[in-house]
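Naming: A, B, ... by sequence-line order, numbering from 1 per chain.
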Amino acid sequence: MSNTKSNPAPEREHRDERERQDERDRENARELGAAGSQLSTAPREESVANLPAMGVIGWARWFWRQLTSMRVALILLFLLSLGAIPGSLIPQNSVDELKVETFKKAHTAVSPIYEKLQFFDVYSSVWFSAIYILLFISLIGCIVPRTGQFIGQLRSRPPGAPKRLTRLPAYTTWRTEAEPEQVREAALAMMRRRRYRAHTAGDAVAAEKGYLREAGNLVFHVALIVMLVAFAWGQLFKSEGGKLIVEGDGFSNTLTQYDDFKPGSMFDSDSLAPFSFKLDKFIGTYERSGPQIGTPRTYEAHVTYEKGAYGKPQKTVIKVNEPLVIDGTKVYLNAHGYAPVVSVKDASGKVVYRNAVPLLPIDNNVTSTGAIKVLDGYRDKNGKKTQLGFQAFFVPSFAGENQGTMFSQFPAADNPRLALNGYHGYLGPDSGLAQNVYQLDKSKMTEFKDSKGKQLKQRLAVGDTMKLPDGAGSITFEGVEEWASFQISEQPASGWALTGAIAAIAGLAGSLFIQRRRIWVRAVRGADGVTVVEMAGLGRSESAKLPEELADLAVTLNAVAPTAPGPDTDPGSDAGSVEESSVEPAEGAEK
Amino acid sequence: MNLAAATNENLAHTSNVLIYSSMAVYTLAFFAHIAEWVFGSRSKVGRTAAALTEAEAGAEGAGASAKVQVAQKGGGTAVLDRPKIITRSAAGTRDVPDGPGAAGGTFKGDLYGRMAVSMTVLAFLVQASGVIARALSVQRAPWGNMYEFSITFSTVAVAAYLTLLALKKNVRWMGLLLVTTVLLDLGIATTWLYTDSDQLVPALHSYWLWIHVSTAILCGAVFYIGAVGTLLYLFRDSYENKLANGGQPGSFARSVLSRLPAAASLDKFSYRINAAVFPLWTFTIIAGAIWAGDAWGRYWGWDPKEVWSFITWVAYACYLHARATAGWKGRKAAYLALIAFGCWLFNYYGVNIFVTGKHSYAGV
Ligand code: HEM
């Protein structure tokens, strides 16, 4: 709020409002001295302009002090939120690599720059890491001394009363016939009854309450560190993989069984939990009518699983929000589709292939595509060994002939059709790349031709057979199975993350809802021999509750030390500087 | 498989009618508030401006008061039967009394103000019934898409406002602004975001939906009220600054801003609101993470919605820190609070509409 106006007239009235407040601030602090100090363990603010004397140690100390100051924590927090933004607007490798590729193709101009700035990996980028690591160093550098200070405060007693209690935010006084010692004793007993930490220091009782605020604040900040460490640990040691399973098939948790596997960088494959499961049945239901027709309603994977190598088989149902948890490893249901069952006969009429072939959905109504590959066992009509490949296009709900669309009309398998076209030749080495399962490499294959010399194509209903030309055999669409794909993941330390989270909320509640405040009660014999009682309260922040609490305490104490008649009952008058005001509770002025 | 039958079209229709009716009543409340401000302006609130500067000179005194008020007997010779509490406002705050409110102390203004509040209560009841009818028609919590989210959001914001009023807090000054934004919110909801009532996709079948989304709505509504307080604080603060520095505020400021509570009161009001919801917002994010852990196999994956919840959270933490940092109190902290609320808004409208992520249930 620097307000250096063009008019430099240093008239008191025209000086910036805030300067005056600051001055009052400082003056107050001076007057309260130790009594007002340490109500919080927040680090003292130092001016950045206070540059140290040269020398490495001086600079290091200066740097450390800056880093652990509230101001820098504030700036780092701000930078953290700013730095998180690009990752929400630009596709991220960690979320969807395909999208990143598409983006790069579409934006050839900016992509190299983004790449350099690590905008496709914001949350693991050097600069983002730098921000949060600095923040957490700063946090630790802040917590450790604050904790020490706080423990010191807990060990010592509340500071004694300042000289002029009238300077405090809430103040009251009265005269009483009771002896000063008596008043102090009563005050001490009263404060202790109200769970203040209280003691008598000189002519006054000093009491303090609400330490939980500070404790809560420290717990909150420590919990943040616990959460960060737990999250980082989980990222490093996690295991995460996917597996597609057709009804009737199974999976056991070893590395080789995964379709794809993305472990954390410190993951050790021996740590995979031993278990296995079999997909008995997948059930999907869909909205049958209304504007959202076709929207999925339930997905259920009915499975039988066994813990360990020789576990007892148990049945359960995995749903979208209800993973199966075995020894800390979770099995999630994350996609499903159809696997048409086809059988292939060779030229001699022998069944050489029979399989449920999983196909990949390409739209919301589960129109699917994929490939059927007969790798061995097939012989053509000359008895020569060769391989067969079919491109498959599947719709679970066919619109009907002459409807002008081959796409599926509904996600359930109400009226399935399988369209095929075939090839023979060499399928190429199955390199093991996951996509290859769903794609045909046609470079070394020849298409089958129909009698008119066109490519052989046919749309099959369940039970239909497509004959290959020249007695080369046939392929039959026997039925439809469903498949489900599962994500199998283990993220260690998530229990710690949760514990940290709960502690953070509890600590935060304590830190924000509890008031820390001090009350002093002074009782001295006045000049005329009558006891003067003074009470004053100080809160960490200005609070409406403090005067109320003080009033409440004063009334209680007043019952023990009743007001004496006397000439000077005006509480403000003995401290000339305090302008007295009897304030009506301005309606709702507070809270 | 009996799910398809669950949607009750009649109830859904009733809900729509109720929502439109509530908009009509809110419009009446809006005009009543306008009348309140107009009649209030005819009072001589200009006088308070002079009083303000005077109060400024006597730096100490005003502030909170104790519930034990003392009967101060005249003459100074009588027995003081109860101790009297003197308060000094903490250092760093201006001692300026609160403005008289929109009605400006005029009878007519006050009458219209009360009518506006009654109308708001009525509109609230109608709107809440609309939300409940919607919930019954889909047999679930009305939080499945942006339309439902929006109508619930403004219902909760009004509920929070009316609760504060019922607790005898001085919040009528925000009535006009609140009713205006509620109308805006409902207008957007019914024209652009409307989605026919229907059930949820499997990913939303979880009791965490109840917990996570309900607290998210509550946080948003209350953060909104905090933001209104902050915004008005900024206006009122520059008005007071001007007065304190001997400037002459414009006639709009004199008429409208002088009727608002003091900057210090507004600042404290929005701080309390924001501080009170911050732990709940923290909880909302954690509940979301737990749900994500069940639904998607990871509790935190930097999905755009997650990122913006996090940004909002950090921004509010910034604000709370700023309040505790010398040199950042006051206006700077207030700007941070507004930025933080802006993040919340972007998370709601911006991310749902412009950014695709796993949270694509907006139904728009
Ligand atoms: C990294 C360095 C950090 C430092 C030096 C720091 C310091 C402090 C201090 C001293 C307080 C007490 C203020 C008071 O008594 O009013 C405080 C409060 C708080 N801190 Fe931090 N903090 C740090 C990081 C964080 C982080 C990363 C967060 C979370 C995003 C956070 C959130 C809070 C909250 C919510 C409060 C309560 C504010 C209040 O009492 O009004 N802090 N912090």
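There is no contact between W208(B) and chain A, counting heavy-atom distances below 4.5 Å. Contact of Q491(A) with chain B is made through the side chain alone, with heavy-atom distances under 4.5 Å. Using a 4.5 Å cut-off between heavy atoms, A289(B) does not touch chain A at all. Heavy atoms of F283(B) lying under 4.5 Å from chain A belong to its backbone as well as its side chain. Proximity to chain B is absent for every atom of A504(A), based on heavy atoms less than 4.5 angstrom apart. Neither the backbone nor the side chain of I285(B) comes within less than 4.5 Å of any heavy atom of chain A.
The CD1 atom of I286(B) sits 5.0 Å away from atom CE of M227(A), with the distance rounded to the nearest 0.5 Å. To the nearest 0.5 angstrom, I290(B) atom CD1 is 5.0 Å from L498(A) atom CG. For the atom pair OH of Y316(B) and OG of S81(A), the computed distance is 12.5 Å after rounding to the nearest 0.5 Å. Between S88(A) atom OG and F310(B) atom CZ the span is 12.0 Å, to the nearest 0.5 Å. In this structure, Y319(B) OH and F78(A) CZ are separated by 15.0 Å, a value rounded to the nearest 0.5 Å. Note that CH2 of W302(B) is 13.0 Å distant from CG of D121(A), once rounded to the nearest 0.5 Å.
Scanning both residues, M70(A) and H321(B), for their nearest heavy atoms gives CE-O, 3.9 Å. The shortest heavy-atom contact between P279(B) and F513(A) is CG-CZ, 4.1 Å.
Looking only at heavy-atom pairs under 4.5 Å with chain B, the residue among I502(A), L74(A), I505(A) that has the most is L74(A). Comparing L336(B), D294(B), V307(B) by heavy-atom pairs within less than 4.5 Å of chain A, the highest count is held by D294(B). Contact tally against chain A (heavy-atom pairs below 4.5 Å) for A262(B), A322(B), C343(B): the top residue is A322(B).
A side chain to side chain contact (heavy atoms under 4.5 Å, CB included) with C318(B) is found for exactly one of L79(A), L80(A), L77(A), namely L77(A).
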Quiz prompt | Verdict with supporting geometry, L512(A) and L320(B), side-chain contact (heavy atoms from CB on, under 4.5 Å) | solution = CA-CA 10 Å; L512(A) 290 171; L320(B) 291 180; 4.2 Å; yes

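Side chain of Y332(A) to main chain of G293(B): a donor-acceptor pair is present (N/O by atom type, distance under 3.5 Å, no hydrogens or angles).
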